[in-house]
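What follows is a set of notes on a single structure, which appears directly below.
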There are 2 protein chains.
Amino acid sequence: MRQLPPLAAVRVFEAAARHENFTVAAGELGMTQAAVSYQIRLLEQRLGVPLFRRARRRVTLTEAGRRAGAQLAAAFDSIDAAFAVLRAEDEAVLTVSVTNTFANTWLAWRLGGFHLAHPTTAVRLWTSNALTDFAADEVDVAIRSGPGGWPGLAQHELLPLDFTPMCSPGFLAGQGGRLEPVDLLQLPLISAQDPWWAQWLREAGLDVVEARRTGMRLDSQAHEGHAAIAGQGVAMLTPFFWHNDLVAGRLVRPFAQLSSMGEAYWLVYPEARARVPKIRRFREWLIEALDRDRAAGGG
Amino acid sequence: MRQLPPLAAVRVFEAAARHENFTVAAGELGMTQAAVSYQIRLLEQRLGVPLFRRARRRVTLTEAGRRAGAQLAAAFDSIDAAFAVLRAEDEAVLTVSVTNTFANTWLAWRLGGFHLAHPTTAVRLWTSNALTDFAADEVDVAIRSGPGGWPGLAQHELLPLDFTPMCSPGFLAGQGGRLEPVDLLQLPLISAQDPWWAQWLREAGLDVVEARRTGMRLDSQAHEGHAAIAGQGVAMLTPFFWHNDLVAGRLVRPFAQLSSMGEAYWLVYPEARARVPKIRRFREWLIEALDRDRAAGGG
DNA sequence: CGCCGAGCATAAGCGTGACTTATCAGCCCG
DNA sequence: CGGGCTGATAAGTCACGCTTATGCTCGGCG
């Protein structure tokens, strides 16, 4: 029966022994010098043997420490090797399946921040509006809209998918500078067949019998928004995605009413991979970046 | 740069892989089955790979798990070996230097409990009234009386060393059934030269000019107490040590006054060995056993 | 000679995640 | 069909590993 010391302390000692320098070891392990000092002392007290000699503002290994350190380095290499085969997959590349809209209006502009925070992990964006088959597509995480509740997937709600009509300032001026909901029935609506229109108009008190089939139909809110900016009509957009364009005056939002179909944007990935480091890092960065944006007043 | 999973989880997995049984692994590691299940799941989520197949009320290793498990077993053996040389000292024997008094009146009667709790650690008692040289005597821990404050030693106060006169019931009857402090000056005092007598009598309001040199002198409270039980006179004893004899009526305590010279009994050992497992186990058992005794009303 | 920076030790305080307890669910067996 | 093994799961607790802040010592340098 083995009688191992606490492995956290052992790991710290191995790093400290390699460098013969607590501060450097702390840096390697991503912790503070004080923590290293603490763990080493713990281990020494447990063994009853000094592992380092403290002298003149520096530490040197004792003979006992040197021998143990060398053997531990090999042991940890072995542990590392044991798991290396299991994570044969590329830890350096994270593949994100993401809708066109989210990629264009938000993610592409922020991804630099992730790379700054985690220089060793490259992100590959895979824009697709279809639901992801994680196994087949070699996708690590997906950003999707929907009602949530996918089985076998961990999910994090990113933002509620609400919407309101928007158009270009020029377009609005052409309509006399202001609009009532009822006016929309006469105006060119971008992707008018989208159920969002019916929902919003219904909530505005207008009884819409049938969806209008006329006008342009685009397959992504990103395109719809750009069409609206170009003055082609009124688009039903999610304010969060168009915050910058609203602030910059490229888009205006004639109505306060904000509707929703109960959907949201989600970050999802297989539950079984919830703690894969690259996935965890991306999740934490994404949620924090969104929080920051919300605190700053929108997208 | 290595990218190791949390080592606590790795250690649990190694044991679980060896047994292919979470409950048994939990037993080996001294934790609950729930904890093992938790750690395995953590590890699997981190690797993104199932290590066990759950089927029919039992777990079997997956191929990935089997390979990793085998390699980990070797790695932990290596870690164990790295420290084995350092703890060349005998983990199976704990040497306790202890005063005659404490050994006879308390420790010897309780030691069985320690052995029950820790069957693999044998305790060797080394009774000696001299202060211990831990290095020279190959003593692990010492139980000593004194004022405390030894440099380089960790210390735990066990009990205050207070004292009061005691004698046998027969002896007391021979004196008319009750005593006043002043009577003591005429009676045979056991180890009358002991400064405890002067201290107690002074606190009782009697001015003792010189220590009495007559009567028997014994070198240990254990012997003094037994002499008192034998009716040889009045001894100055620590109630905690003689609780059983007081309850059983072998000794009586004529006075409520309890004096002290500010000393106490201490458990001490070198600070550098504070976390050596056998020392830690003994410390925890000893302090708990004393607490239990105190809760039960004395030694 | 005195100041500063590098390096480790130490104290205090905090947050979290590794545990425990309790319960449920599946399966085997008598 | 119930009892006795398994493991999974949920909730709640507590230890302890970590951070922050500070002190100390030593060496280098102007």
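Note that these values count all heavy atoms, side chains included, but never hydrogens, waters or copies made by symmetry. Lettering follows sequence order; numbering is per chain, from 1. Everything numeric in this text was worked out from a predicted model, so none of it was measured.
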Q) Given A/His156, which of A/Trp266, A/Tyr269, A/Phe282 fulfils the ring pair (Phe, Tyr, Trp, His ring centres under 6.0 Å) condition? A) A/Tyr269
Q: For a ring pair (Phe, Tyr, Trp, His ring centres under 6.0 Å) with A/Phe13, tell me which candidate from A/Phe76, A/Phe22, A/Phe52 qualifies.
A: A/Phe52
**Q.** Partner of A/Asp140 by salt bridge (charged side-chain N to carboxylate O under 4.0 Å, His left out), out of A/Arg280, A/Arg124, A/Lys278, A/Arg281
**A.** A/Lys278
Measuring to OP1 and OP2 of [N], would you say a side-chain N or O of [X] lies under 4.0 angstrom away?
X       : N      : value
A/Thr23 : C/dA6  : no
B/Arg54 : D/dA8  : yes
A/Thr32 : D/dT19 : yes
A/Asn21 : C/dC8  : yes

Of all the choices, [options], which nucleotide is nearest to the side chain of [X] once you look at every atom?
X       : options               : value
A/Arg41 : C/dT10, C/dA22, C/dA9 : C/dT10
A/Phe22 : D/dT20, C/dA9, D/dA10 : C/dA9
A/Gln33 : C/dA9, C/dC19, D/dA8  : C/dA9

Q) Which distance, rounded to the nearest 0.5 Å, do you find between the CD of A/Glu44 and the CG of B/Leu86? A) 10.5 Å
Q. To the nearest 0.5 Å, what is the distance between CD1 (B/Ile143) and CG (B/Leu159)?
A. 9.5 Å
Between [X] ([atom1]) and [N] ([atom2]), how many Å, whole number?
X       : N      : atom1 : atom2 : value
A/Glu44 : C/dA9  : CD    : C1'   : 12 Å
B/Met31 : D/dA15 : CE    : C1'   : 15 Å
A/Phe52 : C/dG7  : CZ    : C1'   : 14 Å
B/Arg58 : C/dA25 : CZ    : C1'   : 17 Å
A/Leu29 : D/dT19 : CG    : C1'   : 15 Å
B/Ile40 : C/dC19 : CD1   : P     : 11 Å
A/His19 : C/dG7  : NE2   : P     : 13 Å

Q.
Under 4.0 Å, counting only non-hydrogen atoms across every strand here, what does A/Val36 touch: a base, just sugar-phosphate, or nothing?
A. nothing
Please write out each protein N/O paired with an N/O of nucleotides 15-18 of chain C under 3.5 Å, distance rounded to 0.1 Å.
from: C/dA18; atom 1: OP2; to: B/Tyr38; atom 2: OH; distance (Å): 3.3

(Q) Atom CZ of residue position B/Arg67 - does it have more than 12 heavy atoms of other residues, nucleotides or ligands inside 6.0 Å? (A) no
Q.
Checking A/Glu20 against A/Arg53 for the salt bridge (charged side-chain N to carboxylate O under 4.0 Å, His left out) test, could you report, in this order, the C-alpha distance in whole Å, the side-chain angles of both residues, the deciding distance, and whether it holds?
A. CA-CA 10 Å; A/Glu20 287 200 338; A/Arg53 236 184 315 272; over 6 Å; no
